[in-house]
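Just so it is clear: chains get the letters A, B, ... in the order the sequence lines come, proteins before strands, and each one is counted from 1.
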Amino acid sequence: MGVPTAGLFNTAYRGMAAAQTAMSVINNNISNAATPGYSRQRVELATTYPLGLPINGKIGYLGQGPEITGITRAHDNYLDKQIQIQSSRYKLHDTRANLLSQLEGIMGEPQGAGISQAMNDFFDKAQALSVGPNVSANRTAFMQSANNLMNMFQDVGDQLNDLRNNITGTVGAPTSFANSLMGITATDINTKLSNIADLNREINSLTVNGSQPNDLLDKRDVLMKELAEKINVDVTYADNNQISIRLGSNVLVNGSQLVNTLNVVANTNVATQYSQPALVQLVNGGTDVTSTITGGELGAYITMGGAGSATLTTPRSLLVELDDLFNEIATQVNTLQGAGIQLDGTGTTAGTDDRIYNFTATPDLALFGWSINNNIMNDTTLIAAGQGGGVGDGRQALEIAQLKNQTFAGIANQSFESYFNNTISDMGVSSQGEQRFAENFASIIEQYTQRQQSIQGVNVEEEMVNLLKFQRGFEASSRALRAMDETIQGILSLL
Amino acid sequence: MQRISTAYQSQRSIADIQSKTVSIAKLQKNLSSGKKLLNPSDDPTGLAQLLYGRSELKNNERYTSNIDSALSELTSTESAMSGMKDAIQRIKELTVQAANDTLSQTQLDSINLEVNNLFDTLVQLGNSNYNGNYLFSGFEVDTAPFTVTGQDVAYGGSPNTTPNLFERPIEVNKNDTIAINFNGEDLLGTVTVTGPTTTTGSGILRTVRQLTLDLANGNKANVRTRLDELDTGLETILDNMAVIGSKVNRLELLKTRYEEQGIAKTEFLSTIESTDFAEVVSRLGLEQSLYEATLSLIQRMSSQSVLNFLN
């Protein structure tokens with residue numbers, strides 16, 4: 001019976017080689033411990049096919065050392081998918097919460113520098129005018145506060161419009177849509193889709209050749225999570241480590257094929273373009289997918305750039321409510337001015353001084369069509385504060401002041417004040433709600449991440465222990481080699 | 001066994017520190033601004049209450065200032081009326097004297113001189129003003145209510161027609177107005193001399209003008225009948241002074257109520273809006289000690305590594 005001498009060396013070598021590979025994998029794990037999305041890798045070892053030796057007329061098998069069968073990554077696709085789904089939801093609400101906190105800043109309540117203060121001030125000045133209608137200072141103060149009130153509404157309105165236009169793009173400015181938050185996000189999504197298709201191609205070719213492209217898979221997982229933060233997509237896993245991505249029923253990526261991308265375009269429907277200036281279409285085929293996008297940042301931008309709902313205040317919904325409110329105020333004040341008697345005892349003249357606020361038609365909301373009547377601003381004796389009793393008659397001004405406590409059909413049968421306060425309150429509730437949703441989804445993601453990390457994350461201690469194990473294995477193999485070497489040398493010295 | 005990844009461990013540490021600093025920053029903002037309601041989303045229902053409350057406070061301030069100006073106008077009105085009352089009472093005394101059979105025409109003439117002066121006084125008081133506005137001319141505050149032409153006196157202020165077209169309303173409570181001025185014609189009347197012994201017109205002015213004619217003519221019987229008319233005129237003034245009294249009472253009551261409500265309301269709003277310092281300071285202390293605990297825990301954990309024991 002004899003064992004081939006070379007075989008002995010080979011066995012030792014295989015042990016050392018396996019240990020070396022394992023150590024280099026561990027080294028890679030440790031260096032990537034802080035790399036986002038990295039899945040720790042493991043060397044899969046098996047015994048080499050044994051050498052058959054005849055022993056006592058039978059065949060005995062002699063082990064030939066270890067063999068590396070693969071380097072795999074510790075990973076769980078199910079958790080990936082869950083994290084993607086929850087990331088879409090989290091980003092939807094988190095982005096909305098951010099935009100809503102900007103809205104709160106624009107409204108300036110309750111710091112006392114907003115519309116509610118301007119309204120209080122206007123009705124207060126009307127009261128003062130009613131008590132001293134023949135005092136010039138009262139008349140001037142009344143007109144100034146009427147002007148301030150209008151400016152306050154319009155300034156806030158402008159800011160709301162700006163915020164909305166930043167999100168969606170501006171009606172009538174075709175180039176603004178690509179540069180809006182929606183447009184930029186769509187471009188970002190398109191880049192990610194294209195990168196994922198490219199990665200699919202590389203992964204496919206490597207996998208077909210029998211390799212396990214761990215690092216590329218990790219890279220793709222990271223991209224998928226980033227994509228999910230931008231938009232809600234469905235992911236399907238296929239053979240050869242391929243994935244396909246769908247938005248609703250529309251395929252965007254199919255393996256290595258980039259099937260479709262997104263395009264943000266102006267809404268050309270005249271009836272809805274101001275409440276929803278931008279739409280999202282598929283580049284190939286032009287299908288409108290706006291209503292299919294319900295998650296991620298893009299979903300948040302679409303909803304916040306739109307008309308809003310009972311539970312979600314948007315810049316546009318706020319603007320529409322402010323518009324209703326100021327139109328009602330201006331109409332009521334104008335009606336009383338038109339019917340009153342001026343300081344000189346005469347009635348108002350139609351077209352010149354029968355209104356406090358002039359109106360010019362606008363393509364969008366009426367709010368921006370109002371301007372102060374400069375005829376009255378320049379000559380405050382034209383304010384129709386009385387009802388014909390004489391210069392001390394402030395009864396018409398008192399009626400203006402008393403508008404404050406009346407309710408009007410045009411603003412849901414509420415008073416100016418309660419209508420405004422409800423609007424602000426609803427905005428606060430929306431904002432609070434979105435913050436809470438965002439927190440909830442963040443903590444759900446946190447839990448999944450913890451589980452994911454417990455599977456794929458690198459623990460340096462563990463790696464060090466494994467490193468020791470393989471180091472000692474390497475040392476042992478070296479010693480075995482040396483023992484064999486010495487033995488053979490001993491034999492050779494006899495020759 | 002649950003594995004912990006090293007990177008995740010440090011991520012968690014960062015997240016822990018961040019969440020602690022966020023809550024500490026929020027408390028510090030509450031402390032430094034003195035407000036706990038900084039954004040509508042902090043307390044949406046509280047915000048609505050706050051806005052309503054502020055507007056109510058503003059209303060009350062305006063009503064209080066309306067009441068103040070009403071009260072000073074009423075005080076001026078009252079002192080004018082009180083002057084009228086004194087004048088009429090003096091005229092009554094003089095009339096009683098003049099009615100005495102023994103008085104000669106010369107003596108009647110000298111009494112008449114004083115009565116004439118008192119007549120002028122009544123007209124002047126009728127033209128009293130407050131802040132440049134005539135008190136008794138209704139809405140025509142820039143027009144003197146009484147104009148004298150020779151022996152005649154005419155009224156030129158707002159008329160007393162239904163429904164009271166001379167009353168200047170001042171709002172003192174939500175949709176609750178109070179009229180604070182009195183019609184000069186109702187108060188003093190008017191007079192036109194139609195002949196050497198006859199007059200037309202109304203009120204105390206006609207009575208006193210007729211009295212001066214009677215005195216000049218030495219008609220003592222007529223002088224005696226003037227006494228009853230003087231009583232009626234005096235009663236009109238006294239009645240109106242009583243009305244002033246009741247209005248002043250009501251306004252002062254309202255004013256006190258607004259002051260008290262103002263204090264209670266401000267206090268209530270501050271519970272919605274303002275920081276409870278004791279609570280925030282103690283919470284800040286707690287958050288800070290938690291923050292320090294987190295830091296020291298992280299320090300200990302990060303210094304512990306198997307690497308320390310390998311060489």
Side-chain angles (χ1 to χ4, degrees), chain A residues 33-35 38 40 100-101 104-105 107 109-112 116-117 119-121 124 127-128 130-132 134 386 389-395 398 401-402 404-405 417-418 420-422 424-432 435 446 449-450 453-462 464-465 468, chain B residues 2-12 15 35 37-52 54-55 58-59 61-63 65-66 69-70 131-134 137-143 157-158 165-171 174-175 177 181 272-273 305-307 310:
Chain A
T35 307
Y38 180 77
R40 73 197 158 100
L100 278 161
S101 89
E104 293 183 75
M107 296 311 291
E109 310 289 351
Q111 278 75 16
S116 85
Q117 166 123 350
M119 283 205 296
N120 284 341
D121 189 53
D124 187 56
Q127 275 279 350
S130 82
V131 176
N134 55 334
V391 296
D393 185 357
R395 285 175 294 180
L398 183 59
Q402 286 175 339
K404 188 179 181 181
N405 306 322
E417 189 179 23
S418 65
F420 180 76
N421 291 356
N422 284 347
I424 294 292
S425 225
D426 287 348
M427 177 185 72
V429 172
S430 278
S431 177
Q432 199 181 44
Q435 283 169 25
E446 181 60 40
T449 310
Q450 200 171 355
Q453 282 296 311
S454 89
I455 293 170
Q456 72 174 48
V458 177
N459 180 311
V460 175
E461 267 72 28
E462 184 187 75
M464 290 311 296
V465 171
L468 278 181
Chain B
Q2 171 98 6
R3 290 180 68 256
I4 297 285
S5 93
T6 310
Y8 181 71
Q9 201 176 2
S10 80
Q11 270 170 21
R12 280 275 1 147
K35 303 234 186 305
L37 211 177
L38 291 161
N39 286 308
S41 54
D42 292 337
D43 180 4
T45 37
L47 177 87
Q49 282 180 306
L50 182 68
L51 293 181
Y52 280 122
R54 278 192 194 159
S55 138
K58 180 99 181 168
N59 279 347
E61 263 172 45
R62 170 50 60 188
Y63 293 145
S65 113
N66 282 359
S69 83
N131 266 356
N133 289 341
Y134 291 103
S137 58
F139 292 118
E140 311 273 7
V141 292
D142 56 343
T143 314
S158 301
L165 270 176
F166 65 92
E167 285 187 340
R168 282 184 272 122
I170 286 189
E171 195 169 65
K174 236 172 218 179
N175 295 329
T177 60
N181 61 324
I272 298 176
E273 184 187 20
S305 164
V306 72
L307 292 170
L310 298 175

Sidechain-backbone polar pair: [X] side chain, [Y] backbone, donor-acceptor under 3.5 Å:
{"X": "A:Q111", "Y": "B:L38", "answer": "yes"}
{"X": "A:R40", "Y": "B:S5", "answer": "no"}
{"X": "A:E104", "Y": "B:S41", "answer": "yes"}

Please name the pair of heavy atoms, one in [X] and one in [Y], separated by the smallest distance, quoted to 0.1 Å.
{"X": "A:G428", "Y": "B:P44", "result": "C-CG, 3.5 Å"}
{"X": "B:E171", "Y": "A:L398", "result": "CB-CD1, 3.7 Å"}
{"X": "A:T449", "Y": "B:Y8", "result": "CG2-CE1, 4.0 Å"}
{"X": "B:E140", "Y": "A:G389", "result": "OE2-O, 3.3 Å"}
{"X": "B:T177", "Y": "A:Q402", "result": "CG2-NE2, 3.9 Å"}

Rounded to the nearest 0.5 Å, what separation is found between the [atom1] atom of [X] and the [atom2] atom of [Y]?
{"X": "B:Y52", "Y": "A:N421", "atom1": "OH", "atom2": "CG", "answer": "4.5 Å"}
{"X": "A:Q450", "Y": "B:I4", "atom1": "CD", "atom2": "CD1", "answer": "6.0 Å"}
{"X": "A:E417", "Y": "B:L51", "atom1": "CD", "atom2": "CG", "answer": "8.0 Å"}

### Query
B:N39: what forms a side chain to side chain donor-acceptor pair (under 3.5 Å) with it, not counting sequence neighbours?
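For B:N39, no residue satisfies side chain to side chain donor-acceptor pair (under 3.5 Å) once neighbours in sequence are set aside.
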### Query
In terms of heavy-atom pairs under 4.5 Å, which option from A:M119, A:E446, A:Q435, A:M107 contacts chain B the most?
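Answer, by heavy-atom pair count under 4.5 Å with chain B: A:E446.
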### Query
Is it the case that A:N134 and B:D142 place a side-chain donor and acceptor less than 3.5 Å from each other?
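Their side chains do not contain a donor-acceptor pair, so the 3.5 Å distance test is not met.
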### Message
Any heavy-atom pair between the side chains of A:P110 and B:E273 that's under 4.5 Å?
### Response
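The answer is no; the side chains never approach within 4.5 Å.
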### Task
Mind running side-chain contact (heavy atoms from CB on, under 4.5 Å) on B:Q9 and A:Q453 for me, showing each step along the way?
CA-CA 10 Å; B:Q9 201 176 2; A:Q453 282 296 311; over 6 Å; no
#### Entry: chain B contact via A:S425 - side chain, backbone, both or neither, heavy atoms under 4.5 Å
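For A:S425, the contact with chain B is made by backbone and side chain together.
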### Message
Counting heavy-atom pairs closer than 4.5 Å to chain A, which one of B:D42, B:N59, B:L50, B:T45 comes out on top?
### Response
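Most pairs with chain A among the choices: B:N59.
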